[in-house]
Each structure stands twice: as structure tokens, then as C-alpha cells.
Amino acid sequence: MTDAAALPGRPRGGVLSGPATARAVNVLAPNASAMTLDGTNTWILSEPGSALAVVVDPGPLDEGHLNNVVETAEKAGKRIALTLLTHGHPDHAEGAARFAGLTGTTVRALDPALRLGDEGLAAGDVVAVGGLELRVVPTPGHTADSLCFHLPADGAILTGDTILGRGTTVVAHPDGRLGDYLDSLRRLRSLTVDDGVHTVLPGHGPVLEDAQGAVEFYLAHRAHRLAQVETAVEDGHRTPAEVVAHVYADVDRSLWPAAELSARAQLDYLSEHGLI
């Protein structure tokens, strides 16, 4: 078995659900799959001693899970006062409207179509609830509406699907764009270098203890894949399906449809930069 400390980002072992930092508790949704890993991480965030909490990504429309999130907060003496979304994919956001009904909260998101209430989210926003402070970090690339939330007091970043606790993420072409994604990874790297971010609280998979290592791994992985795709095209593999069969041959075939989205994004990027 590989030592977790030797893996990219140093994933934390043990049970995924439960306290992760002084201010963050995970409630794992029961929607495990090849794409969602162990399931969606629904994060309950609260300042120690405060009676108010924020929930990030309620997850799928699963009544049992949504009620479990509410009950977990209540058992800790917390009332959920706000719901936030990292992006609009159903495994993160499908349950948001029902969750808002259960908790009487508004839903804030970058995409106006996902909001419930008058307030959205934008770059530079600071979300403050019960003494808790979250800073909104725009990280398009996985999707156009992807956001991360910087939790300065814990030196942590909630990354949604921008960085996962295990493996790498999909650039969901055409909504997701590789150039945007690379810029977002560089933005996250600057937070690890300049702003004290050391912990990744991902949308799927375990907590990562080495945020900078995780970002560097993702950047290196993307550079490697781009070089592979460029070589594949030079060798005559020109369609996304051909690129996937050639470049992603070591990936489970059940994931090839998702890999094809990333291949399309890579081909677009190489074309835009005159490399193919």
C-alpha cells in the first residue's frame, strides 16, 4: 500500500465524514461513483462558539443526505444560515433548492440560475456569517461558474471540483476551458505561497494536507497531458475519440466519455495557441 504522505497533496487517511479543521465538518453524500469518488463532500462551516453555520455544496437531491446535514449542524448547536455553491453540477447543487427550503436559507452562487435570493457571488466577495469569514476565489476551468472559498482562519481552501482529494478533475468542455483552468491553478498556487493556504477541502475525496503540492501536481499533470495530446495529433490521432484511445489508454474505459471532454478542451487550447 502506498503511504498517503507520499501521494500528491498528502491526502489525509481515515473516515471522510466528520471534523476536518477547527471550522469545517464534512458530511459525505451517499452518491459514490467513478466520477464522484467516495461521494460529494458537503461542508458545514462555522466559527468556534458561534451558533450560525454556512453550508457549501448541499449535494444531490437526496432527502436522507440533506436531513443528515441539518441534523449534524443541529447536534453541534448550529443553525444553518446560508448555503453556497462551488458550481452547478448536479452532484453538488441539485439538492440546493430543497436544502434551502429545509433550512430557510438563501443560496448564493456565481451562476444567477442557481441562486435563491438576491445576492450572488463574485471575485473579491467576503462572506461573513457569525464571525466566520470566507473569501470568494474565482476558479473557472472545470466549469465556467466554478468558485473556491478561502477560509483564512484555518489556512484552508474549499475547491469543489477544481482540485480533488484523489486523482485529477475533468475540464468539462465546452463550458470548461483549459486556459481558464490553468490560470485558476496558478491563482490557487499564489494563495499557497503568499496567503498561508496549506489545506485543501475538496468536493470529493480526502482532505489534502499539502495544498501547494497538490496544485503543483495538477499543473505538472496538465502540462504532461498537453504534451501527450500534441504528440498524438502529430502522429495522426486528430479526433477527440482517437486522442482518448491513444493518450488515456491506461484510464478505466468507463471514464472515457469524461476524458473526451478534457481531450476536446486540450485540442481547443492547442489550436488557439497555434500548436496544432
Side-chain angles (χ1 to χ4, degrees), residues 11-12 14-21 23-46 52-117 121 127 129 134 142-143 145-149 158-167 169-170 172 175-176 200-207 252 254-255 257-258 261:
R12 184 183 298 175
V15 178
L16 297 183
S17 282
T21 69
R23 293 164 178 79
V25 174
N26 182 28
V27 182
L28 183 64
N31 62 332
S33 73
M35 288 296 294
T36 60
L37 305 182
D38 310 274
T40 300
N41 294 333
T42 293
W43 292 102
I44 302 174
L45 309 176
S46 182
L52 300 179
V54 174
V55 164
V56 177
D57 289 351
L61 184 55
D62 181 296
E63 196 75 9
H65 172 64
L66 300 178
N67 280 298
N68 189 24
V69 175
V70 175
E71 291 167 7
T72 299
E74 290 178 345
K75 286 178 182 176
K78 311 286 185 180
R79 177 178 67 82
I80 298 167
L82 179 63
T83 302
L84 303 176
L85 297 176
T86 61
H87 65 297
H89 280 167
D91 57 312
H92 293 258
E94 185 183 34
R98 173 58 179 155
F99 188 73
L102 289 172
T103 57
T105 61
T106 58
V107 177
R108 295 181 64 181
L110 179 62
D111 185 349
L114 299 171
R115 301 172 189 167
L116 290 175
L121 293 169
V127 177
V129 174
L134 288 171
H142 170 66
T143 60
D145 70 329
S146 287
L147 298 171
C148 291
F149 297 103
L158 289 90
T159 55
D161 282 355
T162 299
I163 293 179
L164 305 179
R166 185 170 68 250
T169 198
V170 172
D175 184 46
V200 173
L201 305 177
H204 304 279
V207 172
D252 187 323
S254 69
L255 297 176
L261 297 179

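Positions are given from 1 along the sequence.
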Novice: Side chain to side chain contact (heavy atoms under 4.5 Å, CB included) with Ala24: which residues, sequence neighbours excluded?
Specialist: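 Ala24 satisfies side chain to side chain contact (heavy atoms under 4.5 Å, CB included) with Thr21, Trp43, Leu45, Leu201 only.
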
Novice: Could you walk me through whether Val27 and Glu71 satisfy the side-chain contact (heavy atoms from CB on, under 4.5 Å) test, starting with their C-alpha distance in whole Å, then the side-chain angles of each, then the deciding distance to 0.1 Å, before giving a yes or no?
Specialist: CA-CA 10 Å; Val27 182; Glu71 291 167 7; over 6 Å; no

Novice: Who are the ring pair (Phe, Tyr, Trp, His ring centres under 6.0 Å) partners of His204, not counting sequence neighbours?
Specialist: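 Testing His204 for ring pair (Phe, Tyr, Trp, His ring centres under 6.0 Å), a comparison that skips the adjacent residues, returns His92.
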
Novice: Taking Pro19's backbone N and O only, do any of them form a donor-acceptor pair with Asn26's side chain (distance below 3.5 Å, no angle check)?
Specialist: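 Not at all, since once roles are kept as given, no pair shorter than 3.5 Å links the two residues.
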
Novice: What residues form a side chain to side chain contact (heavy atoms under 4.5 Å, CB included) with Leu110, not counting sequence neighbours?
Specialist: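 For Leu110, the residues satisfying side chain to side chain contact (heavy atoms under 4.5 Å, CB included) (neighbours in sequence not counted) are Asp145, Leu147.
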
Novice: Rounded to the nearest 0.5 Å, how far apart are CD of Glu94 and NE2 of His89?
Specialist: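 If we round to the nearest 0.5 Å, Glu94:CD and His89:NE2 are 12.5 Å apart.
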
Novice: To the nearest 0.5 angstrom, please state how far the CG atom of Leu16 sits from the CG atom of Asn41.
Specialist: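 Going from the CG atom of Leu16 to the CG atom of Asn41 covers 6.0 Å.
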
Novice: When rounded to the nearest 0.5 angstrom, what distance separates CG in Asp175 from NE2 in His142?
Specialist: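 The NE2 atom of His142 is 9.0 Å from CG of Asp175, to the nearest 0.5 Å.
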
Novice: Scan side-chain atoms only and decide if Asp161 and Thr169 contain a donor-acceptor pair under the 3.5 Å cut-off.
Specialist: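 Per modelled atom types, Asp161 and Thr169 side chains form no pair under 3.5 Å.
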
Novice: I need the minimum non-hydrogen distance between Thr105 and Leu82, along with the two atoms involved.
Specialist: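 Of all heavy-atom pairs spanning Thr105 and Leu82, the closest is CG2-N, 3.6 Å.
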
Novice: Do Thr159 and Thr162 have a side chain donor and acceptor closer than 3.5 Å?
Specialist: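 On atom types as modelled, these side chains do not qualify, holding no pair under 3.5 Å.
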
Novice: State the CG-CZ distance between Leu121 and Arg115, to the nearest 0.5 angstrom.
Specialist: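 Answer rounded to 0.5 Å: 7.0 Å.
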
Novice: How close do Leu85 and Phe149 get, counting heavy atoms only, and between which atoms?
Specialist: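 Nearest heavy atoms, Leu85 then Phe149: O-CZ, 3.8 Å.
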
Novice: Which one of Asp62, Asp57, Asn31 satisfies the side-chain hydrogen bond (donor to acceptor under 3.5 Å, both in side chains) criterion with Thr40?
Specialist: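 Going through Asp62, Asp57, Asn31 one by one, the side-chain hydrogen bond (donor to acceptor under 3.5 Å, both in side chains) with Thr40 is satisfied by Asn31 alone.
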
Novice: Donor-acceptor check, side chain of Ser17 to backbone of Leu28, threshold 3.5 angstrom: yes or no?
Specialist: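 Confirmed, Ser17 side chain pairs with Leu28 backbone.
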
Novice: Rounded to the nearest 0.5 Å, what separates atom OG1 in Thr103 from atom CZ in Arg79?
Specialist: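 Here the rounded value is 9.5 Å.
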
Novice: Between OG1 of Thr72 and CG of Asn67, what distance do you get to the nearest 0.5 Å?
Specialist: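 Output value for this atom pair is 10.5 Å.
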
Novice: Counting only N and O atoms by type, is there a donor-acceptor contact under 3.5 Å from the side chain of Arg166 to the main-chain atoms of Pro11?
Specialist: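 Such a contact is absent between Arg166 side chain and Pro11 backbone.
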
Novice: What heavy-atom pair brings Ala73 and Ile44 nearest, and what distance separates the two atoms?
Specialist: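 So the two residues come closest at N-CD1, 4.0 Å.
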
Novice: Search all heavy atoms of Pro58 against all heavy atoms of Leu66 and return the closest pair with its distance.
Specialist: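 Heavy atoms of Pro58 and Leu66 come nearest at O-CD2, 3.6 Å.
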
Novice: Name the residue from Leu116, Val69, Thr42 that meets the side-chain contact (heavy atoms from CB on, under 4.5 Å) definition with Phe99.
Specialist: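 Of Leu116, Val69, Thr42, side-chain contact (heavy atoms from CB on, under 4.5 Å) with Phe99 is met by Val69 alone.
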
Novice: For the side chain of Ser46 and the backbone of Leu52, is there at least one donor-acceptor N/O pair under 3.5 Å apart?
Specialist: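 Side chain of Ser46 to backbone of Leu52, a donor-acceptor pair under 3.5 Å: yes, one is there.
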
Novice: How close do Gly205 and Pro202 get, counting heavy atoms only, and between which atoms?
Specialist: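 That closest heavy-atom pairing would be O-CG, 3.6 Å.
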
